[in-house]
Novice: 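Please find one structure pasted underneath; my questions will follow.
In this text the structure is predicted, and so the values were computed from the model without any measurement.
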Amino acid sequence: MLVSLAALWAFAAWVTLRDGLNLAWVSVYNTNVAQPSESLLLQLQQERRLTMIHLADPGAVGKSQIAAQRTRTDEAAAKFRELASTDRVEFAADDVLKERIGETFRRLDEFGTGRKEIDAGRRDRVTAVAAFNNLIDSLYRTYESLATLDDDAIARDTRTLISLNWTRELISREDALLAGVVAARRFSGTESVRFTQIVGAHRYNMDRVLTDLENEDPTAYQQLRKSQALERLHSLEDLVSQQGRPGVIPPVTSEHWQNTTARALTELHNVVREAGERLVDRSTPVAVGVIARLVLAGLLGLVAVIASIILSITTARALVRQLEKLRTAAMELANERLPSVVARLAQGEKVDVAAEAPPLKFGDDVIGQVGTAFNAVQETAIRTAVEEAQLRQSIRDILLSLARRTQSLVHRQLTLLDVMERRESEPSELKDLFRIDHLATRMRRNAENLIVLAGASPARAWRRSVPMVDVVRGALAEVEDYTRVTVLPMGETALSGRAVGDVIHLLAELIENAVSFSPPYTTVQIGGQAVASGYAIEIEDRGLGMSAEDLAAANERIANPPEFNLSSTARLGLYVVSRLAERHGIRVALKASPYGGTTAVVLLPHDLVTEGGEVLSDGATDHGRRSLQPGGARETALVGAPEVFAAPVQEVVSVPTSVPEPPRTEPQPSEPVGTEVPRPASPASFTPSGLPFRVPQASLAPELAAGPQSVLDGEDDEDRSPEDIRKIMGSFQSGTRKGRSEAAKLLDEGHEGKDDQ
């Protein structure tokens with residue numbers, strides 16, 4: 001509203017100021033254009049009359065007299081040029097007035113050429129008078145552009161005076177024409193017709209002027225109506241018009257005509273001057289009114305605008321203070337209190353809604369009503385945050401409870417499967433048991449995903465360091481399409497027991513992604529090596545890869561895991577990886593593979609790895625048939641099922657030189673309660689997993705042992721018949737089945753011995 005008031009004041013001030021400027025411009029026009037042009041007009045009229053007489057009778061007017069008149073005309077023209085070319089006129093005049101002043105200047109320049117032609121005798125009286133008339137016409141057109149006052153009555157009176165002055169110019173033209181005819185003592189050509197036309201024009205114009213003056217200026221009207229000079233002039237005009245013919249002597253003398261026209265012109269000049277003075281007197285109240293409006297619209301309007309500004313500022317300050325208080329409360333709620341409440345709720349603290357959302361007082365006005373609404377909003381926001389946090393905590397507790405139950409059942413299932421696998425000797429049944437074993441292992445990983453999403457840690461843990469190759473194999477046991485994974489040498493590096501379970505889970509998620517997002521005919525390679533900042537494991541697939549934007553987004557999600565949202569289920573694997581990596585300070589990064597796929601780099605810190613790490617002796621390095629077992633409980637079977645690997649994944653375990661600890665039944669702190677760890681009967685005859693330790697060629701018959709070396713080395717494989725090969729493989733299968741049976745018996749004996757104790 002303040003802007004609208006200021007705009008209204010500016011408009012009123014400009015309208016009033018424009019009237020004042022218009023008065024000032026009228027003064028400029030009168031001083032710099034009207035007065036000097038009037039002097040020029042009188043001199044041109046006098047020179048025109050003398051020129052007409054000189055052209056008719058060179059002896060009547062001498063050249064010296066014409067030269068003197070031309071000098072006076074040139075001085076008046078120079079004065080007009082000087083005043084009409086000033087900066088004041090340039091600033092005050094509009095485009096039309098500037099154009100007409102410029103036209104008058106051009107006519108003045110051309111007028112000198114006309115004089116030369118008159119002196120050279122190349123112009124007669126008709127063409128000579130035309131040069132003067134053209135210049136005078138341009139002056140009168142300039143007068144018409146001067147009547148620009150916004151007051152209609154004053155502008156109309158001004159135009160009436162200009163028309164009256166034009167009547168005087170027409171009479172002057174009659175005088176010049178007839179003066180030439182009288183000097184020549186006859187009418188020539190069309191001069192009589194031309195004289196009659198001019199007379200008709202000036203009488204018509206006079207009648208129109210008198211009609212306007214009758215109401216506008218009665219004094220001037222009465223002077224013109226009762227003018228005897230004009231009556232005598234009209235009588236002579238009638239006489240000349242009636243008797244004037246080509247070749248006929250004019251019916252008037254030079255002295256009689258000159259005296260009559262001079263009195264008429266002088267009287268018209270006086271009427272115009274006096275009417276102009278009266279017009280100025282009538283315009284004075286107009287000027288006073290303009291000044292009064294300027295004062296009222298300018299000063300009083302300005303005072304009103306200033307008062308409005310002061311009132312607006314004081315009112316706005318009060319509103320701004322209330323709004324700032326409201327804004328501060330809103331910012332404090334959004335940036336401090338609400339995040340603090342959410343953080344405390346995330347830590348399990350209880351929050352009092354009334355204490356965290358105290359009502360704020362803003363008054364009883366409209367701002368106060370908005371403040372009351374804000375109080376309700378902040379109380380609702382904090383209460384909603386509390387309820388949402390409680391709901392999320394309840395959901396997490398439910399997920400954690402379900403996951404713990406599922407994990408416990410899967411552990412019991414795996415233990416039962418372990419017993420069944422040891423007891424089973426049929427290859428087909430053992431193959432199905434291995435498949436169930438693998439499915440159960442994957443079910444355990446999914447259950448642990450729920451535990452990680454709930455913010456807890458899985459129950460799996462190890463007391464001692466585990467070789468890195470066993471950690472990778474444990475991860476492979478939790479992947480569905482593990483047959484497509486190739487494990488490269490990992491070196492003599494072990495992983496700290498406290499991180500084994502989480503690293504296995506982390507690697508399993510990354511390997512699962514690698515085999516899922518690559519074609520089924522490709523393989524995934526896993527390799528590891530010690531680096532300056534720890535131990536790096538690289539998982540490389542041969543799939544389509546990811547764009548640079550997707551890689552950057554995935555790395556950002558892993559490096560800075562967001563708050564878990566139940567609606568964001570598209571990247572649960574990455575979320576689990578980020579949480580597991582954050583727990584142990586592990587850095588995980590994805591990058592483009594040179595083969596077109598994606599490479600996941602897992603960098604384990606120094607505090608989690610040891611070079612030449614200690615190998616578990618209580619079942620954690622069951623390379624022949626099992627993967628990692630937390631605290632002695634087995635994880636899954638990797639070797640034994642025909643479809644597991646193209647080549648057997650086995651390592652030779654050296655025989656311990658010291659006697660191991662006696663069998664025990666109590667669980668370690670890191671082992672699940674109720675888990676009984678099987679122990680081998682003889683460390684010198686069996687592997688830590690309970691299988692008999694096989695010594696190459698120890699059971700060969702002497703004749704076979706002494707046989708050709710080439711047969712043992714397999715150099716003559718090409719000479720063997722299919723029947724021989726079948727017998728050899730059957731013997732190998734029988735020996736394997738027998739070894740499993742003996743191992744199962746030893747296990748049963750060990751359990752019975754423990755039960756007896």
Novice: Let me see the working for His584 and Leu580 under side-chain contact (heavy atoms from CB on, under 4.5 Å), right down to the final yes or no.
Specialist: CA-CA 7 Å; His584 298 285; Leu580 294 175; 5.8 Å; no

Novice: With rounding to the nearest 0.5 Å, note down the distance linking CD in Glu421 to CG in Asp418.
Specialist: 6.0 Å

Novice: How long is the gap from CG on Asp437 to NZ on Lys431, to the nearest 0.5 Å?
Specialist: 15.0 Å

Novice: Do the side chain of Ser496 and the main chain of Ala499 share a donor and acceptor less than 3.5 angstrom apart?
Specialist: no

Novice: Rounded to the nearest 0.5 Å, what's the gap from CD on Gln413 to CG on Leu416? Could you check?
Specialist: 8.0 Å

Novice: Do we see a donor-acceptor contact under 3.5 Å between the side chains of Asn513 and Ser516?
Specialist: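 Side-chain D/A pair, Asn513 to Ser516: absent.
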
Novice: Indicate yes or no: at least one non-hydrogen side-chain atom of Ile436 is less than 4.5 angstrom from one of Leu417.
Specialist: yes

Novice: Does atom CG of Leu488 have more than 12 heavy-atom neighbours from other groups under 6.0 Å away?
Specialist: yes

Novice: Hey, does Leu604 have a side-chain heavy atom less than 4.5 Å from the side chain of Met468?
Specialist: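 Yes, their side chains come closer than 4.5 Å.
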
Novice: Val419 versus Arg423: any side-chain heavy-atom pair under 4.5 Å?
Specialist: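 Answer yes - side chains close enough.
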
Novice: Kindly compute the distance separating OG1 (Thr328) from CD (Glu324), expressed to the nearest 0.5 Å.
Specialist: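 Atom-to-atom, Thr328:OG1 and Glu324:CD are 6.5 Å apart.
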
Novice: May I have the step-by-step check of side-chain contact (heavy atoms from CB on, under 4.5 Å) for Leu590 and Thr599, ending in yes or no?
Specialist: CA-CA 6 Å; Leu590 303 179; Thr599 300; over 6 Å; no

Novice: Show the numbers, then the answer: is there a side-chain contact (heavy atoms from CB on, under 4.5 Å) between Val588 and Leu510?
Specialist: CA-CA 10 Å; Val588 180; Leu510 294 176; 4.1 Å; yes

Novice: Just wondering, do Pro605 and Ile586 contact through their side chains at under 4.5 Å, heavy atoms?
Specialist: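 Sidechains of Pro605 and Ile586: in contact.
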
Novice: With side chains defined as the heavy atoms from C-beta onward, is the minimum distance between Leu551 and Lys591 less than 4.5 Å?
Specialist: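 Counting from C-beta outward, Leu551 and Lys591 never come under 4.5 Å.
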
Novice: Regarding Arg579 and Glu582, does a basic nitrogen lie under 4.0 Å from an acidic carboxylate oxygen?
Specialist: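 A salt bridge links Arg579 with Glu582.
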
Novice: For Val485 and Thr523: C-alpha separation, side-chain torsions, deciding distance, then whether side-chain contact (heavy atoms from CB on, under 4.5 Å) applies.
Specialist: CA-CA 6 Å; Val485 181; Thr523 60; over 6 Å; no

Novice: Show which side-chain atoms of residues 530-541 pair as donor or acceptor with protein atoms under 3.5 Å away, not counting sequence neighbours.
Specialist:
| from | atom 1 | to | atom 2 | distance (Å) |
| --- | --- | --- | --- | --- |
| Tyr535 | OH | Met490 | O | 2.4 |
| Tyr535 | OH | Gly528 | O | 3.4 |
| Glu540 | OE2 | Ser593 | OG | 2.7 |
| Asp541 | OD1 | Gly543 | N | 3.0 |
| Asp541 | OD1 | Thr598 | N | 3.0 |

Novice: I want to check something: taking the side chain as every heavy atom from C-beta on, are Ile558 and Leu574 in contact at a cut-off of under 4.5 Å?
Specialist: yes

Novice: Using salt bridge (charged side-chain N to carboxylate O under 4.0 Å, His left out) as the criterion, list what pairs up with Asp607, not counting sequence neighbours.
Specialist: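 Partners of Asp607 by the salt bridge (charged side-chain N to carboxylate O under 4.0 Å, His left out) criterion, ordered by chain and then number, come out as Arg498.
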
Novice: Would a 4.5 Å heavy-atom cut-off, applied to side chains only, mark Leu506 and Val602 as touching?
Specialist: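 Yes, at least one pair of side-chain atoms sits under 4.5 Å.
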
Novice: Atom CD of Glu480 and atom CD1 of Ile511: how far apart are they, to the nearest 0.5 Å?
Specialist: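 Here the interatomic distance stands at 14.0 Å.
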
Novice: Quick one: does Leu507's side chain get under 4.5 Å of Val472's, heavy atoms only?
Specialist: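 Leu507 reaches Val472 side chain to side chain.
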
Novice: Under 3.5 Å, is there a donor-acceptor pair between the side chain of Arg542 and the main chain of Gly596?
Specialist: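 No: the side chain of Arg542 does not pair with the backbone of Gly596.
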
Novice: Measuring from atom CG of Leu476 to atom CG of Asp470, what distance do you get when rounded to the nearest 0.5 angstrom?
Specialist: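 These two atoms lie 11.0 Å from each other.
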
Novice: Going by the salt bridge (charged side-chain N to carboxylate O under 4.0 Å, His left out) test, which pairs reach into residues 508-526, not counting sequence neighbours?
Specialist: Arg445-Glu509, Arg445-Glu512

Novice: Of the non-hydrogen atoms in Val515 and Arg484, which two are nearest, and what is the gap between them?
Specialist: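 Minimum heavy-atom contact is O-NH1, 3.0 Å.
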
